Amino acid sequence: MGLYKTKEKGDKKYILVEFPYPSGSGLHVGHAFSFTGADVYARYWRMKGKRVLFPMGWDAFGLPTENYAIKTKRAPQKVTDENTAMFKRQMKRLAYSFDWEREINTTDPDYYKWTQWIFIQLFKKGLAYKKEMPINWCPICKTGLANEEVIDGKCERCGAEVSRRNMSQWIVKITDYADKLISGLEKTDFIEKVKKAQINWIGKSEGAKINFQLSHACRQAGITNYELETKNLEVFTTRPDTLYGATFMVIAPEHQLSLDLAKKNNEIEEYIVRSRKKSELERTETEKEKIGVFSGLYAINPINNKKIPIWISDFVLASYGTGAIMSVPAHDKRDYAFAKKYNLPIIKVVDDEGRMTNSDKLNGMMSTEAAKEIIKRLTEMKIGEKTNSYHLRDWIFSRQHYWGEPIPMINCPKCGWVPVDEKDLPIKLPEVEAYQPTSTGESPLAEIEEFVNCKCPVCGGTARRETDTMPNWAGSDWYFLAYAMSQKLKVRKSKSENDVFVDIFSDSREELKKWLPVDVYIGGDEHNTLHLLYSRFIVNFLYDIGVVPVAEPYDKRLSHGVILGPDNQRMSKSKGNVIMPEVVADKYGVDVVRLYLMFMGPFDGTMAWNEKTLMGVKRFLDKWEKFVEKQVTSLKSKVESGKEVKKIINKTVAGVSKDVEVFSFNTAVAKQMEMVNKLQVESRKSKVEREEIEKMIKMLAPFAPYLAEEMWGLLKEEKSVHVSFWPEVEEKYLKEDRITIPVAINGKVRGQLSIINYQLRIKEEIVAEARKMPQIVKWIEGKKIIKEIYVPGKMINLVIN
Ligand code: ANZ
Ligand code: ZN
């Protein structure tokens with residue numbers, strides 16, 4: 001018992017694998033694949049004497065459980081409890097060596113108390129604010145939908161066309177951390193693909209802001225009576241060098257100027273209404289035809305004082321840059337399409353050599369230089385400056401759903417939005433009768449008066465509680481911190497509810513220092529953008545407010561591969577090609593499942609399930625067992641292995657160690673297969689001594705823990721093989737073998753070839769080396785080689801005519 005409890009001493013190794021969403025259908029083979037890889041890795045380092053932290057928990061808030069609860073009228077917490085119990089049983093069955101004492105669950109109030117606490121800290125630092133934002137709205141279900149619930153623009157539940165609707169939402173200002181989230185990557189050891197995913201998602205563009213004055217002339221032309229809030233138009237451009245080519249401007253339909261104009265202009269108003277229905281993706285697709293309306297206004301291009309028309313079109317997004325652009329149709333595809341459609345002038349300002357043209361005094365200058373020059377001039381005139389823009393958006397943090405963490409905020413008529421007093425955390429989810437959102441799109445919490453009505457923590461007056469809950473990402477933002485602090489979380493739990501508030505983070509300072517950062521984080525490609533970014537942001541933030549000792553939570557990030565069904569298709573219930581690891585384990589045993597998963601291909605590969613290979617793995621385990629059993633029984637008298645046996649085993653230990661350390665589990669298994677084959681031949685001549693048998697068993701232990709333990713038992717060891725130490729490699733057996741063999745032409749010896757490790761090499765390689773020897777080249781040059789004979793380790797004979 002307690003074999004895998006986290007040790008207190010030694011070098012730390014924090015091995016994290018993404019915690020699952022405990023769905024009703026149980027652990028699937030994708031889980032089993034990544035968990036087995038992580039488990040082999042954890043077991044290996046534990047045997048190497050490291051202080052390994054290898055925890056597991058449940059990311060259990062979210063829609064599938066809520067939808068199931070709505071359908072079956074059961075409490076989501078009950079459903080979650082059942083599902084986690086099933087997952088846990090299945091994980092234990094598959095022999096994953098998690099430290100269950102550190103298990104956490106995001107839906108446990110003692111856990112989400114801290115998810116709420118983190119939100120309050122964000123609010124206190126000005127990083128959470130409330131704002132009207134469009135949400136997906138299903139007019140039939142009368143409910144807001146998460147993006148995941150919108151499939152091809154339709155409601156996942158009823159199939160109705162989803163529209164957009166404005167609702168007041170909590171927004172978290174992740175954009176304040178855009179630069180840090182890019183530069184912080186330098187401190188990490190993520191694989192390149194993951195770093196790229198992070199950088200692309202943040203999408204930093206370097207460019208300039210330029211201010212265009214609205215033309216007075218145009219305002220006199222009949223529209224002066226409009227009370228325009230905007231007197232000038234600021235744009236963001238990545239190409240300030242093309243300013244001479246800006247022949248018109250385009251503003252987003254949601255831009256303040258568009259909204260002002262719409263008050264008096266039906267055409268514009270209609271256009272805005274139509275655009276609202278479209279998704280951003282639809283709006284920005286380059287292939288789609290660009291349609292717009294003329295605003296009736298003109299602006300002045302500050303570089304040449306030319307009057308240019310201002311158009312309204314939805315290919316310009318309100319949420320990026322300034323929501324307005326200067327259009328340079330000669331150098332931008334979308335602008336070009338728009339100019340063609342509406343017959344607007346196109347002026348080329350950079351030639352094919354990258355030199356300026358049609359740009360007055362800048363003509364002939366390289367465009368990169370011109371960009372600097374233009375920014376300099378605009379800055380002097382105080383109408384522009386160098387700036388960056390980020391595609392990353394602030395994070396919409398509100399969900400109008402039941403099954404999530406209540407956002408711990410209170411709206412007071414006198415004080416506005418104020419956070420819940422920290423002493424009152426957690427704000428627990430109240431029990432409700434029905435779990436679907438209300439007809440106004442609010443969460444069902446809005447209908448529970450006892451929940452909603454509260455006292456303002458600042459002035460004591462009557463106030464109303466926020467009824468939105470947090471997004472699914474919130475609980476997984478900091479769970480790896482919770483594992484490290486789990487003992488403290490538990491202590492809190494055992495204390496009475498109205499206990500004084502104790503800041504668990506400062507209470508766990510030592511634990512956090514002891515374990516962070518996570519050394520290796522294993523997860524799926526699908527989480528390489530959002531989850532990784534959100535959790536990195538939260539930890540960066542917690543670091544800034546002095547709560548955690550590191551800014552970057554993860555050192556290495558690794559993505560595991562995907563397992564397809566036997567038909568080479570993605571597994572899905574509808575295709576009927578789903579493999580359940582538990583079912584396979586029932587049939588062939590846990591060790592076979594584990595070893596097969598590790599052997600089937602590279603850890604980051606995409607592989608189809610293959611019953612034949614699985615049977616091959618099973619045969620190997622049988623062979624391995626028979627071999628080891630036989631050797632153990634012949635151990636009665638003291639035996640000593642021959643040198644060849646020692647060489648084979650020590651080389652395998654060296655190879656397997658290296659492979660496991662770089663997550664090359666399939667080759668680590670292949671090496672053990674090859675080892676048994678060689679030993680079967682060798683053992684006819686020589687015995688295998690106890691020490692070497694131990695090595696074999698230990699090497700298999702991380703992969704096939706049951707069989708290894710059983711064979712270990714035959715050796716009458718007192719303690720489990722799983723607390724033994726990983727075998728040492730005896731270097732002397734790793735030395736390269738070098739032999740010299742004669743090379744003959746038509747039977748006559750013409751030279752001597754020296755070969756390294758001949759046992760490990762194939763005929764073709766060795767013959768190729770012989771053919772390159774100068775003494776041999778002079779005999780075979782221009783001749784045809786009819787036959788190549790190689791007697792392994794003995795000689796080569798080339799037959800020519
Ligand atoms: C003039 C120009 C000339 C531009 C040229 C590009 C090429 P990225 O790289 O994505 O940052 N833009 C700016 N704000 C926009 C918005 N809210 N919606 C749609 N487009 C917007 O793109 C920046 C470029 O996209 C900006 O530079 C602007 O067009 C456009 F030859 O300005 B450019
Ligand atoms: Zn108040």
Side-chain angles (χ1 to χ4, degrees), residues 134 175 203 205-216 218-219 223 226-263 265 267-269 271-272 274-276 278 280 283-284 290-339 341-342 344-345 374-375 378-379 381-391 393-394:
T175 48
S205 289
E206 291 177 11
K209 271 188 181 165
I210 305 176
N211 229 313
F212 287 66
Q213 293 298 313
L214 297 191
S215 159
H216 288 285
C218 84
R219 285 208 243 144
I223 32 179
Y226 286 171
E227 239 325 279
L228 297 178
E229 280 182 32
T230 317
K231 305 287 186 255
N232 52 41
L233 204 50
E234 193 178 44
V235 303
F236 170 72
T237 175
T238 47
R239 295 290 306 275
D241 53 311
T242 63
L243 188 50
Y244 279 98
T247 53
F248 60 101
M249 304 189 76
V250 184
I251 58 178
E254 302 88 345
H255 194 280
Q256 189 55 50
L257 186 54
S258 310
L259 299 177
D260 284 350
L261 294 169
K263 287 178 205 149
N265 182 321
E267 199 193 350
I268 293 178
E269 196 190 347
Y271 183 78
I272 295 175
R274 251 185 296 146
S275 303
R276 280 232 172 96
K278 294 197 209 162
E280 273 188 16
R283 288 172 53 163
T284 48
K290 304 279 168 278
I291 296 176
V293 284
F294 177 49
S295 72
L297 300 183
Y298 293 83
I300 305 295
N301 185 336
I303 204 84
N304 54 12
N305 288 321
K306 281 205 176 131
K307 208 174 100 178
I308 58 176
I310 302 174
W311 284 72
I312 301 171
S313 175
D314 61 16
F315 77 86
V316 173
L317 300 175
S319 50
Y320 185 63
T322 62
I325 67 167
M326 62 180 220
S327 279
V328 186
H331 300 285
D332 182 276
K333 260 200 197 138
R334 292 171 303 176
D335 297 350
Y336 181 80
F338 200 82
K341 182 164 173 68
Y342 294 106
L344 298 159
I374 288 178
I375 291 176
L378 295 171
T379 311
M381 292 156 70
K382 294 201 168 52
I383 51 166
E385 62 181 342
K386 204 168 162 335
T387 186
N388 298 324
S389 195
Y390 301 86
H391 286 277
R393 303 293 161 78
D394 276 342

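Side chains included, hydrogens not; waters and symmetry mates left out as well; all remaining heavy atoms used. Everything numeric in this text was worked out from a predicted model, so none of it was measured.
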Search all heavy atoms of [X] against all heavy atoms of [Y] and return the closest pair with its distance.
X	Y	value
P240	I374	O-CD1, 3.3 Å
Y271	S313	OH-CA, 3.4 Å
I312	P253	CG2-CA, 3.8 Å
I251	S258	CD1-OG, 3.3 Å
I310	L214	CD1-CD2, 3.6 Å
A318	A252	N-CB, 3.6 Å

Is there a donor-acceptor pair under 3.5 Å between the side chain of N301 and the backbone N or O of L243?
yes

Spell out, as yes or no, whether a donor-acceptor pair under 3.5 Å connects the side chain of Y342 to the backbone of G292.
yes

Can you sort out the partners of [X] under side-chain hydrogen bond (donor to acceptor under 3.5 Å, both in side chains), two or more places apart, ordered by chain and number?
X	value
S275	D314
N211	none
T175	D394
K386	none

Among residues at least two apart in sequence or on other chains, which ones pass side-chain contact (heavy atoms from CB on, under 4.5 Å) with [X]?
X	value
Y336	K340, I346
K341	E289, I291
E267	N265, V293

Which residue pairs satisfy the salt bridge (charged side-chain N to carboxylate O under 4.0 Å, His left out) criterion with at least one member in residues 318-327, sequence neighbours excluded?
none

Would a 4.5 Å heavy-atom cut-off, applied to side chains only, mark [X] and [Y] as touching?
X	Y	answer
I210	P302	yes
T242	D332	no
F236	S205	yes
L233	H255	yes
S295	L257	no

So how far is it from [X] [atom1] to [Y] [atom2], rounded to the nearest 0.5 Å?
X	Y	atom1	atom2	value
N305	Q213	CG	CD	10.5 Å
K307	I300	NZ	CD1	7.5 Å
I303	I383	CD1	CD1	7.5 Å
E234	T322	CD	OG1	6.0 Å
M326	F248	CE	CZ	11.5 Å
L378	K209	CG	NZ	14.0 Å

Under the salt bridge (Lys or Arg N to Asp or Glu O under 4.0 Å) test, which residues partner E254, sequence neighbours left out?
R283

Please identify each residue that fulfils salt bridge (Lys or Arg N to Asp or Glu O under 4.0 Å) with R393, with sequence neighbours left out.
E280

Who passes ring-ring contact (aromatic ring centres under 6.0 Å, His included) against Y320, sequence neighbours left out?
H391

Which residues pass the ring-ring contact (aromatic ring centres under 6.0 Å, His included) test with F315, sequence neighbours left out?
F338

